[in-house]
Amino acid sequence: MQNLKEVKHFINGEYVAGGQGSFENINPATGKLNSTVHEADRNLVDQAVSSARAALNSDWGKMPVAERSKLLCAVADGVNKRFDEFLQAEIADTGKPVNLASHIDIPRGAANFTIFAELLKAFPSEAFQQDTPTGYGALNYSIRKPRGVIGVICPWNLPLLLMTWKVGPALACGNTVVVKPSEETPTTAALLGEVMNEVGIPKGVYNVVHGLGPDSAGQFLTEHPDVDGITFTGETVTGEAIMKAAAHGVRPVSMELGGKNAGVVFKDADMNKAIEGSMRSVFANCGQVCLNTERLYVERPIFEEFVSKLTDKAKGVTFGDPFSKETGSGPLISKVHRDKVLSYYQAAKDAGAEIHCGGGIPQVGGDYDAGWWIEPTIWTGLKETDKAVREEVFGPCVHIQPFDDEDEAIAMANDTPYGLATAIWTENLTQAHRVADQIDVGISWVNCWFLRDLRTPFGGNKSSGIGREGGQHAFEFYTETRNVCVQL
Ligand code: NAD
């Protein structure tokens, strides 16, 4: 078993040290050092890509689907067998509360292997009978081949879950991967290497290189000419940089990017459902979920009541030991990120927002006061053009705006460069369908939030992404479709 105080790369089934130095992995709940992480240089990234290529050309790419699928289900079982180790590592890296990590991050992180392994077995092909001048006709059919070596670049907000969301379908389709986890959260990706070895995934199928973005492992991996496709989750500006790198060699990209998601609450909504749901959609994971609601539009007759009820609940959010089941919110991921979120708190204040709760840093007590905690914050009274209403904050905050009719709510919800998700709260289902159809996002929730059926397409419109992952949609990216035309 590796020593998780010193996080190494995982290349060709071995833990490998070295590169261009190291960096610190800090526990955001306490500000203390979790581990030292080796930072890959171009040479190590090259070794990882070469081992992925070799594995693709030998066992993995040619293995029967049923056999590959069985191995991937064993990976899921392997993660679940070591559930507590993954849980501890994820909580130490992110500071997220145990209630969240044990219900979402680790179980979903494991399930991503099973779901895609099972779905691939039932994924159909297509065939066409074609008329030809000879009268005998031709038969066309499609076959799918692995795309090749996939570069997987991941964020820090749901580290294992968002990484396996890509690695699961990529491996199911017969690709091999080189993963670059976020520099903030390297540990579960490293731990997964042990599980891969334990269950007998061939060497070189799953590789991990650690590092940062520019001038580091992220850039080296995305620029590597032997990477056949890049799947990325993270900020829109980073996505733009990666697309430029992918342009060399015309490599395809799948991009899951930022959001500035709107929730719309109609006057006939079930108030309790809308409040409970909005508490989660705004504040879950300390506001660090790409799908979080940062703008709420509430129909005027219930506006005051809604703001007051949401504020009461937000004031009750508890901080403290992430391993305690009593803790409601963890910290932000880093000091840099907290400074960024606080700059939006200041901008909202300067723009004259009415601050109903929060706006600062809470006293958590003991060791935790050295962590990156922040208060849940609710504003009203800002203009739609104000910075805190326009830009993605990625923190536990929301601006609530009243509206008078459906068209106005839809127009405000759509007035953003992003198009990731929305949550609509109404008991009038005709209205729900009508509004869901008009909000320009990849996923619309009605009377719920973050309810995910993994067979459905997931992704963003506009600046929130390119392509869809999830279910068989993921297979579109992780395979190349070939046409075979047989003249009869
Ligand atoms: P980020 O873009 O800062 O970093 C993501 C990853 O990209 C990290 O591994 C980083 O090291 C790497 N990276 C940075 N610059 C790079 C470069 N030039 N070349 C190659 N790699 C580079 O994002 P983050 O701060 O880790 O995550 C938060 C962002 O992710 C938010 O914007 C959020 O909305 C978004 N996100 C989107 C989804 C989605 O599904 N749409 C899901 C989760 C998070």
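Only this structure's heavy atoms are used, side chains among them; waters, hydrogens and symmetry mates stay out. Counting convention: from 1, in listed order, for ligands and their atoms alike.
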Do Asn261 and Thr293 get their side chains close enough for a donor-acceptor pair, meaning under 3.5 Å? no
With Lys383, which residues qualify under side-chain contact (heavy atoms from CB on, under 4.5 Å), at least two apart? Thr385, Asp386
Going by an N to O cut-off under 4.0 Å, is there a salt bridge joining Arg82 and Glu194? yes
With salt bridge (charged side-chain N to carboxylate O under 4.0 Å, His left out) as the test, pick out the partner of Lys260 among Glu384, Glu392, Glu294. Glu294
What closest approach, in Å, do Thr377 and Gly359 show between heavy atoms, and which atom pair accounts for it? OG1-N, 2.8 Å
Taking Lys462 as the fixed residue, which of Leu257, Leu420, Asp440 is the one that meets the side-chain contact (heavy atoms from CB on, under 4.5 Å) rule? Asp440
Which pairs of nitrogen or oxygen atoms, taken one from ligand 1 and one from the protein, are under 3.5 angstrom apart?
from	atom 1	to	atom 2	distance (Å)
ligand 1	2 (O)	Glu235	N	2.9
ligand 1	2 (O)	Thr238	OG1	2.6
ligand 1	9 (O)	Cys154	O	2.7
ligand 1	9 (O)	Lys180	NZ	2.9
ligand 1	11 (O)	Lys180	NZ	2.7
ligand 1	11 (O)	Glu183	OE1	2.6
ligand 1	23 (O)	Glu235	N	3.4
ligand 1	25 (O)	Trp156	NE1	2.8
ligand 1	26 (O)	Trp156	NE1	3.1
ligand 1	30 (O)	Gly234	O	3.4
ligand 1	32 (O)	Glu392	OE1	2.7
ligand 1	34 (O)	Glu392	OE2	2.5
ligand 1	41 (N)	Leu257	N	3.1
ligand 1	41 (N)	Leu257	O	2.7

